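A short worksheet on the structure shown next.
Counting convention: from 1, in listed order, for ligands and their atoms alike. Index from 1, following the sequence. Values in this document were obtained by computation on a predicted structure and should not be read as measured data.
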Amino acid sequence: MPSSDNPLYWFVIPAAGIGTRMNAGKPKQYLILGSRTILEHTLSRILSLPNLAGVVVALSPEDTHWKSLTIFNNPLIHVATGGASRAESVLNSLDYLSGRASSKDWVLVHDAARPCVTLASIKKLCEELTDSQIGGILSVPVSDTIKRVADLNEIQATVDRSPLWQAQTPQMFRYQLLRDCLTSALTNNQNITDESSALELCGYKPLVIEGRSDNIKVTRPDDLVLAEFILQQQEKEL
Ligand code: CTP
Ligand code: MG
């Protein structure tokens, strides 16, 4: 068991969704951008992090695509069984890490569908949270003017956007704390769409670490063109 004084860094990649909104005939993480699948782009960004202990990819029990990826037998990559919701897929991955990760190890949960995350953003997240006992998330301040809308599409008010941030991934938490909070949220049937919500519901205050607005989640068909463009632009930065 690793020492808690020197925490390891693990990644969990929920990749067991079916991409309903993409409606592409196969799960969106297996769609091709440029020369390879979205999941391969995502994994290659993550695998470039030095000192990585391992990556757990949560896959659907019905997945028929994973084994055709050249990355599938990378020794740092482990596979867990996905669940009915993203939160269950993440919790199954944390269960897989039981006995491998120690309670203070860091777990970075990152959507398979965010292939444009940069290594610099991941390093910033890790560095800024080093001394936290809880963790935090990559996030960007909301830049649009936000309206609160009532019935009949009538605008009720303009919301003060200064305290509003858009949550992204990776979301980075201490292993045991994340596992306990996710277990509690699922046991209590709380509808959570990210890991931070599970911590918040247990009374913790994760931090936001400012990331980049190009760390998009590929969700709808239009996002494919945008993600491909972003990846091409980022290649020029490297
Ligand atoms: N995910 C998962 N297990 C689930 C549902 C989602 O591992 N039961 C993963 C997806 O594969 C994705 C990430 O969680 O990488 C974010 O979810 P989302 O963007 O909502 O993907 P899908 O659920 O696949 O898409 P949709 O909601 O449009 O069906
Ligand atoms: Mg979904």
Polar contact flag for [X] and ligand 1 (N/O pairs, less than 3.5 Å):
X	answer
A58	no
V218	no
T20	yes

Note the single closest protein heavy atom to [atom], along with its residue, its atom name and the distance in Å.
atom	value
atom 27 (O) of ligand 1	R21 NH2, 2.9 Å
atom 22 (P) of ligand 1	G19 N, 3.8 Å
atom 12 (C) of ligand 1	P14 O, 3.7 Å
atom 3 (N) of ligand 1	S89 OG, 2.8 Å

Q) Judged by atom type as modelled, is there a donor-acceptor pair below 3.5 Å linking the side chain of Q232 to the main-chain atoms of F229? A)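 The answer is no, because no donor-acceptor pair under 3.5 Å joins these two groups.
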Q. Quick check: does any side chain N or O of R161 sit under 3.5 Å from a backbone N or O of S143, one acting as donor and the other as acceptor?
A.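 Checked: pair present.
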Q) Of the backbone atoms (N, CA, C, O) and the side-chain heavy atoms from C-beta on, which set of E88 has a member under 4.0 Å from an atom of ligand 1: side chain, backbone, both, or neither? A)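 Neither; nothing of E88 gets under 4.0 Å from ligand 1.
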**Q.** Part of S60 within contact of ligand 1 (heavy atoms, under 4.0 Å)
**A.**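 For S60, there is no contact with ligand 1 at all, from either part.
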Can you tell me if [X] contacts ligand 1 (heavy atom of the residue under 4.0 Å from the ligand)?
X	answer
K28	yes
T219	no
G82	no

Q) With no hydrogens and no angle check, do the side chains of D160 and S162 hold a donor and an acceptor under 3.5 Å apart? A)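 Judged by distance alone, the side chains do pair up.
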Q. Is there a donor in the side chain of T187 and an acceptor in the side chain of S184, or the other way round, less than 3.5 Å apart?
A.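 T187 vs S184: no donor-acceptor pair found between side chains.
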Student check: side-chain heavy atoms of [X] and [Y] closer than 4.5 Å:
X	Y	result
I71	L47	yes
T169	I137	no
L33	H41	yes
L43	V55	yes

Among [options], which one has a heavy atom closest to [atom]?
atom	options	answer
atom 2 (C) of ligand 1	A16, S93, A113	A16
atom 16 (C) of ligand 1	D111, T169, D194	D111
atom 6 (C) of ligand 1	P27, G83, A15, G17	G17
atom 4 (C) of ligand 1	R114, R86, R220, Q29	R86

Which atoms of ligand 1 are found less than 4.0 Å from any heavy atom of [X]?
X	answer
K217	18 (P), 19 (O), 20 (O)
I18	24 (O)
A112	15 (O)
A84	8 (N)

Q | R179 to Y175 six-membered ring, cation-pi geometry met (6.0 Å, 45°) | A |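 Verdict for Y175: no cation-pi partner in R179.
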Q) Between R220 and D222, is there a side-chain N and carboxylate O pair less than 4.0 Å apart? A)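 A salt bridge is absent here (no side-chain N lies under 4.0 Å from a carboxylate O).
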Q) Do the charged groups of E195 and R86 touch, with an N to O distance under 4.0 Å? A)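 Salt bridge between E195 and R86, a charged N being under 4.0 Å from a carboxylate O: yes.
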Q.
Below 30° counts as parallel, above 60° as perpendicular, anything between as tilted: where do the rings of Y9 and W106 land?
A.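 Plane angle under 30°, so parallel.
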